[in-house]
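This report refers to the structure that appears directly beneath it.
The chains referred to below are lettered A, B, ... by the order of the sequence lines, with proteins before strands, and numbering in each begins at 1.
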Protein chains: 2
Amino acid sequence: MQLLSKKFEILDLAQEMMQKRGYNGFSYADISEAVGIRKASIHHYFPSKASMGVAVIRRYRKIFNGHLENIDKEEKNWLNRVNKYTKLYEPVLLENKLCLCGMLAADIETLPKILKKEIRDFFVDNVDWLSNNLKLHYKNISKKRLSELSWKIIASLQGAIMMARMSDNVDIFFFTAKELLIQLEKSN
Amino acid sequence: MQLLSKKFEILDLAQEMMQKRGYNGFSYADISEAVGIRKASIHHYFPSKASMGVAVIRRYRKIFNGHLENIDKEEKNWLNRVNKYTKLYEPVLLENKLCLCGMLAADIETLPKILKKEIRDFFVDNVDWLSNNLKLHYKNISKKRLSELSWKIIASLQGAIMMARMSDNVDIFFFTAKELLIQLEKSN
DNA sequence: TAATGTCATCCTACTAGTAGGTAGGTATAT
DNA sequence: ATATACCTACCTACTAGTAGGATGACATTA
């Protein structure tokens, strides 16, 4: 018994590949080589690529939501919370990756149905969290508008990380995030 | 002689596939079937997939820059111009596609080198155009800041179209674009 | 006018390599 | 004895790409 280490190695590699190259940009062979296991053995842990994808997304979502809970504990101010939210993306960019679900959002048309649902759920969590925090600031604001503002924040950050990586210029992300925060602070 | 119609049919299909499914999400077989030509015959027009990709991007860029020129002719007000810029993305979203170069930006790590350069050039054109128009409004502003503001606009729109398509909710794009315009109008 | 050559536009038939996945086995630990 | 954690060997379907040929339009030449 190796304490499931191989399983987690596979999961880690699959996640990295998905964040760097997209769902259609890697294969079992890539993982096999990097983890040091035979291709067929990957099927012992994940019977299909789709099931592997689901496992990766669920873990990612769980960890991400954990970060959001931590932010709520560490910060009481809504703007500081959103600021820390944007900071969650920084290490991802610095490792030349995209947000897992941002990348898969681009791939959405090619994904197995079961994966699509998981990705949408991830973003529903994000919108909910952002809405709850924006509500602390914007009094008497409709749920619809809270959702719109949340989506705007998410879209801007996802686009920014994509453009920053493509241009090999991390400042594109940093500046966009900063602008976002400034505008939120000014608004009411 | 068929006036190159097959070549353009291939180009059209390849572009649609790239915008809907990404560079790794389609194959010669897909195009072959849709255009009604044998797989091998595609190589008559495009010796490699990379060369096909380059042709698609160059044409897309040329047409897109044509739209930007038209906007400059039709509108003299900087804000109206940027507004029309955001409108360029609407038909793309309504056809369930992404901006070609936005999609390829996500795929960037898996692309042949020659494609990467073409994509970056597309966005350089976009930043230049936006910078020139923002300059009409923001007096005494540095080139660097013009570039930052332009990248912010591009990133927000690219992210918005991606999130809108994934969520099957076009309003995510419409609202983000509208907010962008409102903020530009207010700023100085 | 008729024969000839050239070129574009396809085709059939094929290649090496890769994709995800399966069948059935072995070694080890509990 | 049973389950976990691998393995070898294999499969079918698909990947981009190649070799070489057929067809037909058009221009050149005899």
Salt bridge flag under 4.0 Å for residues B:E179 and B:K152: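 So B:E179 does not pair with B:K152 through a salt bridge.
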
Under-4.0 Å salt bridge between A:K97 and A:E16: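 No, A:K97 and A:E16 are not salt-bridged.
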
Atom-pair distance ([atom1] on [X]; [atom2] on [N]), nearest Å:
X: B:K49; N: D:dA16; atom1: NZ; atom2: P; value: 5 Å
X: A:M52; N: C:dA19; atom1: CE; atom2: P; value: 12 Å
X: A:H43; N: D:dA5; atom1: NE2; atom2: P; value: 17 Å
X: B:F26; N: D:dC14; atom1: CZ; atom2: P; value: 17 Å
X: B:I42; N: D:dT15; atom1: CD1; atom2: P; value: 11 Å

Cluster check B:Y89, B:I182: I/L/V/M/F/W/Y, side chain < 4.5 angstrom: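 Different hydrophobic clusters.
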
Axial cation check for B:F175 ring with A:K144, 6.0 Å and 45° limits: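 Checked: cation-pi criterion not met.
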
Quick check for you: among [options], whose closest atom lies nearest to any side-chain atom of [X]?
X: A:S27; options: D:dA16, D:dC6, C:dA19; result: C:dA19
X: B:H44; options: C:dT22, C:dC10, C:dA19; result: C:dC10
X: A:Y45; options: D:dC6, C:dA19, C:dG21; result: D:dC6

Touch class at under 4.0 angstrom, heavy-atom based, for B:F46 against every strand present: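 Answer is nothing: B:F46 stays at 4.0 Å or more from every strand.
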
Which pairs would a plain distance check flag for residues 59-70 of chain A, meaning a side-chain donor or acceptor within less than 3.5 Å of a matching protein atom at least two apart in sequence or in another chain?
residue: A:R59; atom: NH1; partner: A:D12; partner atom: OD1; Å: 2.9
residue: A:R59; atom: NH2; partner: A:D12; partner atom: OD1; Å: 2.9
residue: A:R59; atom: NH2; partner: A:Q15; partner atom: OE1; Å: 3.0
residue: A:Y60; atom: OH; partner: A:L100; partner atom: N; Å: 3.4
residue: A:R61; atom: NE; partner: A:D125; partner atom: OD2; Å: 2.6
residue: A:R61; atom: NH2; partner: A:D125; partner atom: OD1; Å: 3.4
residue: A:R61; atom: NH2; partner: A:D125; partner atom: OD2; Å: 3.1
residue: A:N65; atom: ND2; partner: A:R61; partner atom: O; Å: 3.4
residue: A:N65; atom: ND2; partner: A:D125; partner atom: OD2; Å: 2.8

For A:K87, salt bridge (Lys or Arg N to Asp or Glu O under 4.0 Å) partners two or more places apart: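 Result, salt bridge (Lys or Arg N to Asp or Glu O under 4.0 Å) vs A:K87: A:E90.
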
Write down the protein N/O and nucleotide N/O pairs, taken from nucleotides 7-9 of chain D, whose separation is under 3.5 Å; answer none if there are no such pairs.
residue: D:dC7; atom: OP2; partner: A:R38; partner atom: N; Å: 2.8
residue: D:dC7; atom: OP2; partner: A:S41; partner atom: OG; Å: 2.6
residue: D:dT8; atom: OP2; partner: A:R38; partner atom: NE; Å: 3.1

Contact check, side chains of A:F173 and A:T176, non-hydrogen atoms, under 4.5 Å: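 No; the side chains remain at least 4.5 Å from each other.
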
Inter-axis angle, terminal five-pair segments of the helix from C:dT1-D:dA30 to C:dT30-D:dA1 [nearest 10°]: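 So the angle between the two local helix axes works out to 10°.
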
Sub-4.0 Å heavy-atom contacts from residues 10-18 of chain B onto DNA chain D, ordered by number: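 Within this stretch, nothing sits under 4.0 Å of the strand.
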
DNA chain D contacts among residues 28-35 of chain A, heavy-atom distance under 4.0 Å: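 Within residues 28-35 of chain A, no residue comes under 4.0 Å of DNA chain D.
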
Intermediate values then yes/no, side chain to side chain contact (heavy atoms under 4.5 Å, CB included), B:R165 and B:L98: CA-CA 8 Å; B:R165 188 180 74 140; B:L98 297 189; 3.6 Å; yes

Polar side chain donor-acceptor pair, B:E75 to B:N83, under 3.5 angstrom: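 Their side chains do not contain a donor-acceptor pair, so the 3.5 Å distance test is not met.
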
